[in-house]
Amino acid sequence: MPPRLRATLPCLTAAALFALALSPAPAAAEPRATSDTPLALTPPMGWNNWAHYMCDIDEAKVVANADALVSTGLAAKGYDTVTVDDCWMTKSRDAQGSLVVNTAKFPHGMAWLGEYLHAKGLKFGIYQDAGSLTCEKYPGSGAPQGGGADHYAQDARQFASWKVDYVKMDGCNLWVPEGATKEEAYRDAYNDVAKALRESGRDMVLSASAPAYFQQGEWGGSDWHKVLGWVGETGHLWREGKDIKVYNPAAPATSRWSAVLGNYGYNRWLGRYAGPGNWNDPDFLIAGAPGLTAAESRSQVALWAMMASPFILSSDVSKLTPAGLTALGNTRMIQLDQDPMGRQGSVVSSNATFEILVRPLANGDRAVAVLNRSSATRDINVPLDEIGLGDCTAGAQDLWTGTSREVTETLTGKVAGHDTGVWRLSPRACAQAVPTGQIVGDGARCADGANTTGVGAVVMAACTGAPDQRWTAGKDATLRLAGECLSAGEDRIVELADCSDRAAEQPGQSWSQRRDGTLVEEVSGMCLTAPAASAPAERLRLTECGDHRVDQAWALPV
Ligand code: GAL
């Protein structure tokens, strides 16, 4: 047992210590709507043509897929928004500046399509771009290159006149005025888009692509974090990163599994931004489509549901595999995705083989998912205390099969290669769940308290899922590892120190998380900061809080 260290900062009152208690994810930005009805209180569901048809789209294909949503029963289960992606228009606007539908592709026009969808009980979504041109170089809504008037208000009114319910606003070819940064230009453009939609006279959900234009790698850079910070004020959901791999008809068997894992990879750390009216969008569900096995299809549905992601199919709905259709239509999984509390799940532990996620649910249940990255079937053993349910027994419903059992101490099971098991745990007779799991920071590395670099040392290390990365976030604002508290030490070094006697008001051990992901230590007001990736053995420190610094953003257990 290492000698206990004492933090060295002055004492605080209990009230002050508790004031900054580690709060749950900050309230999401108010959803904006034209009417009083808030939009997208749960993640949007539906279908979009892009990842299957790309520009090869027309009215018949949209209608066929809408019909298939209804005939498969998926529409009745909530997959109700049918969105026409890029390439629906002609290459120029008309004399009044209105967008012109390509009538060779959409002979009845867009108002007709909206009516058709609405008559089926579906909603109508359409694609546009906040820049001067869409990604496929059709007229965008934004200012022309070199500056000038945009068409945000005009296009929003045109969409409203077609009774559009959902606008996917992409971010290709956006003009950056002189003197503005790219990030400022996107913020202004998307604010204007949101305003135009609000003032259009019709409630339309806004899917904003802004963050995707700033993503570099899984942890991203400062600008990406800035955009993630404001995008929820403009959009109800947003694409933060790379596209899911599209279907290639010339090579239909090409695996798309690594794209699923890649998009899962960047989305899993962003839970703090999600909540009713605000959703991280890791892109389309391609479950049941060519390129994913049955197990991989289940995994995509499960991981997306754990992350409260939009459930937007992009496939030929009439050709979904039976296993894919079963996974997508699993009402327990849909209910998980659509849980009214809207809290995104977080990663408890991750390593080369397993990924364990937990998601707190509105009725007090906790969903647990175990992804098996390996290609072989594995036994799994998840002790309840590792997922925040120490002292509990729990009812455990397997969400794939619907069967339930009682669990004491450890959830066990088998998960096939590339598959994901999901259970809904209903805790019995125990205190509230304690957020437990990894604290993840810069470079998607884990805060690690292994004692290899000194007594009480906390460094960054590759995530392993091992106990020296298993933190708990207490209601008393502490962050604990193996019974010790993350504490402000001497010379701004952060270390693990005794917190067994919290009544003595140990200072420097209270942390609060802000929406930007910073963890602020209460006494100093400074931010927990990861060492540079090139110096992994260096300790975590407190430094002045900066503006969306990637080394000061953290993903916490929920
Ligand atoms: C991309 C977007 C895709 C699709 C495409 C259309 O930027 O991520 O989902 O909309 O543009 O050109």
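Residue indices begin at 1 and follow the sequence shown. Counting starts at 1 for both ligands and their atoms, in listed order.
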Checklist entry - Which of the numbered atoms in ligand 1 are below 4.0 angstrom from a heavy atom of Trp50? => result 3 (C), 4 (C), 5 (C), 6 (C), 9 (O), 12 (O)

Checklist entry - What are the atoms of ligand 1, with element, lying closer than 4.0 Å to any heavy atom of Lys168? => result 3 (C), 4 (C), 9 (O), 10 (O)

Checklist outcome for this item: the protein heavy atom lying closest to atom 11 (O) of ligand 1 turns out to be Asp170 OD2, 2.9 Å

Next on the checklist: Check the orientation of Trp47 and Tyr53. Use parallel for under 30°, tilted for 30 to 60°, and perpendicular for over 60°.
Outcome noted: perpendicular

Checklist outcome for this item: In ligand 1, the atoms that come under 4.0 Å of a heavy atom of Tyr213 are 7 (O)

Next on the checklist: Quick test of your reading of the model: are Glu218 and Arg268 salt-bridged, counting only N-O distances below 4.0 Å?
Outcome noted: yes

Next on the checklist: Is the ring pair Trp219/Trp269 parallel, tilted or perpendicular, if the boundaries are 30 and 60 degrees?
Outcome noted: tilted

Next on the checklist: Tell me whether Arg239 is salt-bridged to Asp170, with the criterion being a basic N under 4.0 Å from an acidic carboxylate O.
Outcome noted: no

Checklist outcome for this item: Note: ligand 1 atoms sitting under 4.0 Å from heavy atoms of Glu136 are 12 (O)

Item to check | Heavy-atom gap Asp85 to ligand 1 smaller than 4.0 Å | outcome: yes

Checklist entry - Among side-chain atoms of Thr90 and Asn102, is any donor-acceptor pair under 3.5 angstrom? => result no

Next on the checklist: Quick test: of every protein heavy atom, which one is nearest to atom 12 (O) of ligand 1, and how far off is it to 0.1 Å?
Outcome noted: Asp86 OD2, 2.8 Å

Checklist entry - Short list, please: which atoms of ligand 1 are under 4.0 Å from a heavy atom of Arg239? => result 2 (C), 8 (O), 9 (O)

Checklist entry - Taking the six-membered ring for Trp, are Tyr190 and Tyr186 parallel (under 30°), tilted (30 to 60°) or perpendicular (over 60°)? => result parallel

Next on the checklist: Checking the side chain of Asn330 only, and the main-chain atoms of Leu399 only, is there a donor and an acceptor separated by less than 3.5 Å?
Outcome noted: yes

Item to check | Shortest reach to atom 3 (C) of ligand 1 by a heavy atom, considering only Ile244, Thr83, Asp243 | outcome: Asp243

